[in-house]
Trainee: 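Got a structure for you, questions after.
Here is how names work: the chains are called A, B, and so on, in the same order as the sequence lines, proteins then strands, and each is numbered from 1.
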Protein chains: 4
Amino acid sequence: MILTVDITSDVPIYQQLRDRVVEAIADGRLAVGDSLPATRALAADFGINFHTVNKAYDVLRQQGLVRVQRKTGATVSKDQSTGPPDAAFTEDWTARARTLLAEAVANGMPAAEVQERCRALLDGFVDKGRTS
Amino acid sequence: MILTVDITSDVPIYQQLRDRVVEAIADGRLAVGDSLPATRALAADFGINFHTVNKAYDVLRQQGLVRVQRKTGATVSKDQSTGPPDAAFTEDWTARARTLLAEAVANGMPAAEVQERCRALLDGFVDKGRTS
Amino acid sequence: MILTVDITSDVPIYQQLRDRVVEAIADGRLAVGDSLPATRALAADFGINFHTVNKAYDVLRQQGLVRVQRKTGATVSKDQSTGPPDAAFTEDWTARARTLLAEAVANGMPAAEVQERCRALLDGFVDKGRTS
Amino acid sequence: MILTVDITSDVPIYQQLRDRVVEAIADGRLAVGDSLPATRALAADFGINFHTVNKAYDVLRQQGLVRVQRKTGATVSKDQSTGPPDAAFTEDWTARARTLLAEAVANGMPAAEVQERCRALLDGFVDKGRTS
DNA sequence: GTGGTCTAGACCACA
DNA sequence: GTGGTCTAGACCACC
């Protein structure tokens, strides 16, 4: 499990960590039951405060993607095979997707190219870590 | 031009306004040269401060989507027909799209459904405000 | 005398008009005693309010570059051959030049190139409309 | 880092602050990575509102000269050694330089003196903060 | 009548 | 302790 954060980015560090874990789950690098790095170790690697890592893990826990236990640390509790998302998530996600896709179109990216890029990104997810 | 904002949302109000305008540009409700509501008038409609609207318009100006002049107010200065976006935008957008699509997959939405939802959203953009 | 204004610029129109006249004086297209276009005619040409032209001429008058009379309209009252500027002007101008030159240097333009560009611009002024 | 602002000037305070920072970068008093004063602290020093300082820093951020982060505050992100400016900047800068130089010439400053003053100002920039 | 600038003060987010 | 967001209200600049 290799994660990267850009300390100079405008995106909050805890958000970057959360995003990288979500991507790792999506492309199969992290499967259900897998352990995430220990908070203090990960914080030391990046030279950041371990509270920041804690916050990232807590966000993932609130979103139901990881389980945090005192002894085992953080483990992935859900992945794409667990079942379809609930209606609330789908609604919220669709609203954010609408904005993101609109941003591409409004900036002049042809709708066909937008769709193709989405397809390519999704291929990257389903291809990794799977046999089927 | 009808915009909506959710005062109770965690998303900053100025960001919501910016998002709504981007979507309106993408689906053709706002075309190049169209005027946005006056900052103070829009603020009064929503019961928010005019500085908040100001910031939303300023963000859109920085992103090259609207032009702000003292006399004219804010007008749309760019749309999907202006030409392809530059490399920096495309790179940044793709990174954000990767995270958003990963979030859907990680929460159990099948890749095919994700792609279908993207297609449906894009259809909504290209269909509106066109004669064809 | 041909002036141009960019109605879409962030620079106020009256300021643009003032700048164009100053440049015309510097490069010799306008000499002492020459008439500036009538305010209403110029306003009609550009499709702008004649008060805006008036303001531009008034700024030039305050700066001692033109004289405005009811009958003759606006005429150039001073040019580069009238004598050296006073200390107040020189001090103010130098402060503004410091900022402008610093902006180029801070953005990575080599000092030698900045100086060369200044020389080229000055050549453009002293070459036109002179025999010497 | 010493900055000065003139409350009585017609130039907006945030613009003055931005200009002083640009000059400090140009003459080497501020190097890449250096921190700018905290917005609220600087505001208190000058007896102005912190929003005004905020705006100055935001303008510098938009121009790519400083980076603003929650924890670190504002730091210089670019200086004259970063590489040449892009074409858009050069074009815009040259237009403003034309006006400024024309103003000196139109007010009777000999072109040779204008050039000499530019050279002297540029010397001030390249001399400071260097070991050579 | 439009946006621009500045002030004052509150509460929140990030690290 | 840093900046970010939002509110409220004043006065100014441009057209």
Trainee: So which of V53(D), I7(D), L3(D) actually passes side chain to side chain contact (heavy atoms under 4.5 Å, CB included) with F46(D)?
Mentor: L3(D)

Trainee: Using side-chain contact (heavy atoms from CB on, under 4.5 Å) as the criterion, list what pairs up with T75(D), not counting sequence neighbours.
Mentor: S35(D), R67(D), T72(D)

Trainee: Among residues at least two apart in sequence or on other chains, which ones pass side chain to side chain donor-acceptor pair (under 3.5 Å) with D19(A)?
Mentor: Q15(A)

Trainee: Testing L36(D), V59(D), I48(D) for side chain to side chain contact (heavy atoms under 4.5 Å, CB included) with L17(D), which one passes?
Mentor: I48(D)

Trainee: Identify whether the distance between the nearest side-chain nitrogen and carboxylate oxygen of D58(A) and K55(A) falls below 4.0 Å.
Mentor: no

Trainee: By a strict heavy-atom criterion of less than 4.0 Å, which residues belonging to residues 55-64 of chain B are in contact with DNA chain F?
Mentor: K55(B)

Trainee: For D92(A), check side-chain contact (heavy atoms from CB on, under 4.5 Å) against everything at least two apart and list the hits.
Mentor: R96(A)

Trainee: In residues 41-50 of chain C, what residues come within less than 4.0 Å of DNA chain E, judged by heavy atoms?
Mentor: none

Trainee: Taking salt bridge (charged side-chain N to carboxylate O under 4.0 Å, His left out) as the test, write out the residues that go with D86(B), two or more places apart.
Mentor: none

Trainee: For R70(D) and for R70(B), locate the closest nucleotide of DNA chain F by heavy-atom distance; then report the residue assigned to the nucleotide nearer the 5' terminus.
Mentor: R70(D)

Trainee: Looking at residues at least two apart in the chain, or sitting in another chain, which of them share a side chain to side chain donor-acceptor pair (under 3.5 Å) with E91(D)?
Mentor: none

Trainee: Would you call E103(C) and R18(D) a salt bridge, using N to O less than 4.0 angstrom?
Mentor: yes

Trainee: Check DNA chain E for consecutive Watson-Crick or G-U pairs with both distances under 3.5 Å and list the runs of at least three as stems.
Mentor: E:1-14 with F:1-14

Trainee: Determine whether L42(A) and Y57(A) satisfy the following criterion, side-chain contact (heavy atoms from CB on, under 4.5 Å), listing intermediate values before the conclusion.
Mentor: CA-CA 11 Å; L42(A) 191 55; Y57(A) 285 6; 3.5 Å; yes

Trainee: Considering only heavy atoms, which members of residues 6-18 of chain C lie under 4.0 Å from some atom of DNA chain E?
Mentor: none

Trainee: If you measure from CG on N107(D) to CD on Q63(C), what distance do you get to the nearest 0.5 Å?
Mentor: 7.5 Å

Trainee: Sequence neighbours excluded, which residues qualify as side chain to side chain donor-acceptor pair (under 3.5 Å) partners of N49(D)?
Mentor: H51(D)

Trainee: Would you mind reporting whether V22(C) and L60(C) have side-chain heavy atoms less than 4.5 Å apart?
Mentor: yes

Trainee: Identify the 5'-most and 3'-most nucleotides of DNA chain E with at least one atom closer than 4.0 Å to a non-hydrogen atom of chain A.
Mentor: dC14(E) to dA15(E)

Trainee: Evaluate the side-chain proximity of V76(D) to L65(D): yes if any heavy-atom separation is below 4.5 Å, no if none is.
Mentor: no

Trainee: On DNA chain F, nearest-nucleotide positions of T39(D) versus R40(B): which is more 5'?
Mentor: T39(D)

Trainee: Only counting residues at least two apart or in another chain, list the ones meeting side chain to side chain donor-acceptor pair (under 3.5 Å) with T4(D).
Mentor: none

Trainee: If you assign A38(B) and T52(D) each to the DNA chain E nucleotide with the nearest heavy atom, which residue ends up on the more 5' nucleotide?
Mentor: A38(B)

